[in-house]
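This report concerns only the one structure given below.
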Amino acid sequence: QVQLVESGGGSVQAGGSLTLSCKAISYTSRKYCMGWFRQDSGKEREGVASIDEDGTTRYADSVKGRFTLSRDNAKNTLYLQMNSLKPEDTATYYCASAVGYCDPQADFAAWGQGTQVTVSS
């Protein structure tokens with residue numbers, strides 16, 4: 001069982017930066033795929049980025065070159081560094097975990113409660 005707690009959200013102007021953190025509580029010794037998702041009101045949830053325990057990362061096309069995902073396994077913490085933020089990045093951001101590897105397909109069963117990111121133009 002994994003419990004996830006996000007932090008680091010806030011309000012910034014376009015072009016600004018934020019770093020989100022996700023702390024895993026009661027993290028087990030099993031391998032986990034970790035990911036960030038986002039959802040704005042009235043829109044479908046979309047994947048932002050994912051990372052395997054070995055550090056392999058994947059990014060949505062919309063955030064490539066702007067967001068950087070990393071994990072500190074010793075601290076059981078996931079980070080999402082977001083630069084050059086755009087108004088379209090406004091959403092509630094959720095971290096999630098899945099047992100095993102991100103590929104071929106991860107079943108994200110554990111979710112944080114989310115942290116709000118608002119980017120104004």
Side-chain angles (χ1 to χ4, degrees):
Q1 291 74 31
V2 179
Q3 297 178 359
L4 306 173
V5 181
E6 304 99 332
S7 63
S11 298
V12 298
Q13 293 187 8
S17 299
L18 286 173
T19 298
L20 306 182
S21 298
C22 176
K23 175 69 175 180
I25 302 174
S26 299
Y27 206 64
T28 72
S29 60
R30 289 176 288 185
K31 297 182 183 298
Y32 286 91
C33 167
M34 303 293 296
W36 283 98
F37 297 79
R38 65 186 182 186
Q39 185 172 26
D40 202 0
S41 180
K43 299 180 180 180
E44 295 183 350
R45 184 180 63 199
E46 63 175 336
V48 176
S50 66
I51 185 169
D52 285 309
E53 195 155 339
D54 64 3
T56 301
T57 55
R58 306 158 187 82
Y59 297 93
D61 289 340
S62 60
V63 306
K64 286 181 179 178
R66 300 188 298 119
F67 291 10
T68 301
L69 180 64
S70 62
R71 64 191 291 174
D72 187 334
N73 291 337
K75 297 181 179 180
N76 295 328
T77 303
L78 182 72
Y79 303 97
L80 183 66
Q81 181 181 342
M82 305 184 294
N83 298 322
S84 301
L85 284 164
K86 305 175 180 179
E88 60 213 60
D89 295 318
T90 295
T92 301
Y93 284 70
Y94 302 88
C95 65
S97 67
V99 176
Y101 295 94
C102 295
D103 290 329
Q105 186 174 11
D107 179 15
F108 292 97
W111 295 80
Q113 65 179 357
T115 185
Q116 179 66 36
V117 172
T118 302
V119 184
S120 60
S121 60

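Keep in mind that what you see is a predicted model, and the values were worked out from it rather than measured.
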One thing to verify: whether Lys31 and Asp54 come together as a salt bridge, which I'm taking to mean a side-chain N less than 4.0 angstrom from a carboxylate O. no

Can you name the closest pair of heavy atoms from [X] and [Y] and give their distance?
X	Y	answer
Ser21	Thr77	CB-CG2, 4.4 Å
Ala110	Leu4	O-CD1, 3.6 Å
Val2	Ala24	CG1-CB, 4.2 Å
Ser120	Pro87	C-CG, 4.4 Å
Asp52	Cys33	OD1-CB, 4.3 Å
Gly47	Phe37	CA-CD2, 3.5 Å

Nearest 0.5 angstrom please: [X] [atom1] to [Y] [atom2], how far?
X	Y	atom1	atom2	result
Gln116	Asp40	CD	CG	7.5 Å
Ser7	Leu20	OG	CG	8.0 Å
Arg45	Thr92	CZ	OG1	12.0 Å
Arg71	Tyr32	CZ	OH	10.0 Å
Met82	Thr19	CE	OG1	7.5 Å
Glu88	Ser121	CD	OG	11.0 Å

Can you check whether Lys75's main-chain N or O pairs, donor with acceptor, with Lys23's side chain at less than 3.5 Å? yes

Would you say Glu6's side chain and Cys95's backbone share a donor-acceptor pair under 3.5 angstrom? yes

For side chain to side chain contact (heavy atoms under 4.5 Å, CB included), just list the numbers for Asp89 and Arg38, CA-CA rounded to whole Å, side-chain angles, deciding distance to a tenth of an Å, and then say yes or no. CA-CA 9 Å; Asp89 295 318; Arg38 65 186 182 186; 2.9 Å; yes

Asn73 vs Glu53, test: side chain to side chain contact (heavy atoms under 4.5 Å, CB included). Steps then yes/no. CA-CA 8 Å; Asn73 291 337; Glu53 195 155 339; 3.6 Å; yes

May I ask you to test the Leu85-Phe67 pair for a side-chain heavy-atom distance under 4.5 Å? yes

Taking the side chain as every heavy atom from C-beta outward, state whether Thr56 and Asp103 have any pair of such atoms under 4.5 Å apart. no

Relative to each other, are the rings of Trp111 and Tyr94 parallel, tilted or perpendicular (30° and 60° limits)? perpendicular

In one Ile/Leu/Val/Met/Phe/Trp/Tyr side-chain cluster, 4.5 Å: [X], [Y]:
X	Y	value
Leu80	Val117	yes
Trp36	Val99	yes
Tyr79	Tyr93	no

Candidate pair Arg58 and Leu69, rule side chain to side chain contact (heavy atoms under 4.5 Å, CB included), full reasoning: CA-CA 9 Å; Arg58 306 158 187 82; Leu69 180 64; over 6 Å; no

Heavy-atom count check: over 12 atoms from other residues, nucleotides or ligands less than 6.0 Å from Tyr59 OH? yes

